[in-house]
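Note sheet for the following structure.
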Amino acid sequence: MRSSPDAISPPQGGETHKYRYAVAGIVAGAVNGLFGGGGGIPLLVLLRRWAEVEEKTAFATCVAVILPLCVVSAAVLLLRGSVSLAVALPYLAGGTVGGLLGGRLFRNVPNVWLRRIFALFLLYGAYRYLR
């Protein structure tokens with residue numbers, strides 16, 4: 001894959017940051033497994049605040065980490081008989097289109113708007129769960 005001058009740079013840091021990345025991954029995986037998703041929320045916070053990863057890099061990293069986390073969580077839940085593929089499959093087409101659209105828009109959305117959109121989704125989710 002070719003890199004452009006404005007490509008998102010990988011996280012920097014020494015051994016301390018490597019441990020912080022691992023802990024952030026463990027927390028994200030645990031949240032994802034416990035709730036069947038949502039591991040990117042604590043991962044984003046931990047990468048930004050604790051591991052000092054640049055904002056766009058943290059968002060992109062969360063997106064990249066979500067797929068394997070969700071595959072592992074889905075496998076565990078499938079093996080336990082907690083997931084109905086018939087219910088889940090129709091959402092994949094829309095999720096794929098949305099993921100492609102969001103990925104294309106990502107670089108053009110200013111950081112402040114990424115934070116605002118993210119916060120709105122968190123607030124909406126919290127409202128729905130608490131109702």
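No experiment lies behind these values; they were computed from the predicted model shown.
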- Message: Strictly distance-based, threshold 3.5 Å: is any side-chain N or O of Thr57 a donor or acceptor partner for the main-chain N or O of Val53?
- Response: no

- Query: How about Leu46 and Val23: do any of their side-chain heavy atoms sit closer than 4.5 Å?
  - Reply: no

- Message: Would a single hydrophobic cluster contain both Leu105 and Leu100, if residues Ile, Leu, Val, Met, Phe, Trp and Tyr are joined by side-chain heavy-atom contacts under 4.5 Å?
- Response: no

- Message: Tell me every residue that passes salt bridge (charged side-chain N to carboxylate O under 4.0 Å, His left out) with Arg116, counting only those two or more places apart in sequence or in another chain.
- Response: none

- Can you find a heavy atom in the side chain of Leu114 that is under 4.5 Å from one in the side chain of Glu55? no

- Message: Assigning hydrophobic clusters by single linkage (Ile, Leu, Val, Met, Phe, Trp, Tyr; side-chain heavy-atom cutoff under 4.5 Å), is Val27 placed with Val72?
- Response: no

- Message: Would you say Leu120 ends up clustered with Tyr127 if hydrophobic residues are merged whenever their side chains have heavy atoms under 4.5 Å apart, either directly or through other cluster members?
- Response: no

- Nearest-0.5 Å distance that lies between atom CG in Leu77 and atom OG in Ser84: 12.5 Å

- Task: Considering non-hydrogen atoms only, spot the tightest contact between Cys62 and Gly40 and give its length.
- Result: SG-O, 3.6 Å

- Note on the structure: What one should report as the nearest heavy-atom pair of Pro68 and Ala64 is CD-O, 3.3 Å

- Under 4.0 Å between a Lys/Arg side-chain N and an Asp/Glu carboxylate O for Glu54 and Arg48? no

- Item | Single-linkage hydrophobic cluster Val112~Phe59, side-chain heavy atoms < 4.5 angstrom | yes

- Query: Does some side-chain heavy atom of Leu122 sit less than 4.5 Å from a side-chain heavy atom of Ile41?
  - Reply: yes

- Looking at Leu43 and Gly25, what are the two nearest heavy atoms and their distance? CD1-N, 4.2 Å

- Message: Counting C-beta onward and ignoring hydrogens, is there a side-chain heavy-atom pair between Leu47 and Tyr21 closer than 4.5 Å?
- Response: yes

- Message: Using only atom types and a distance under 3.5 Å, with no angle test, would you say the side chain of Lys56 pairs donor to acceptor with the backbone of Pro110?
- Response: no

- Message: Assigning hydrophobic clusters by single linkage (Ile, Leu, Val, Met, Phe, Trp, Tyr; side-chain heavy-atom cutoff under 4.5 Å), is Phe118 placed with Val109?
- Response: yes

- Message: Please give me the minimum heavy-atom distance between Leu69 and Ala28, naming the atom from each residue.
- Response: CD1-CB, 3.9 Å

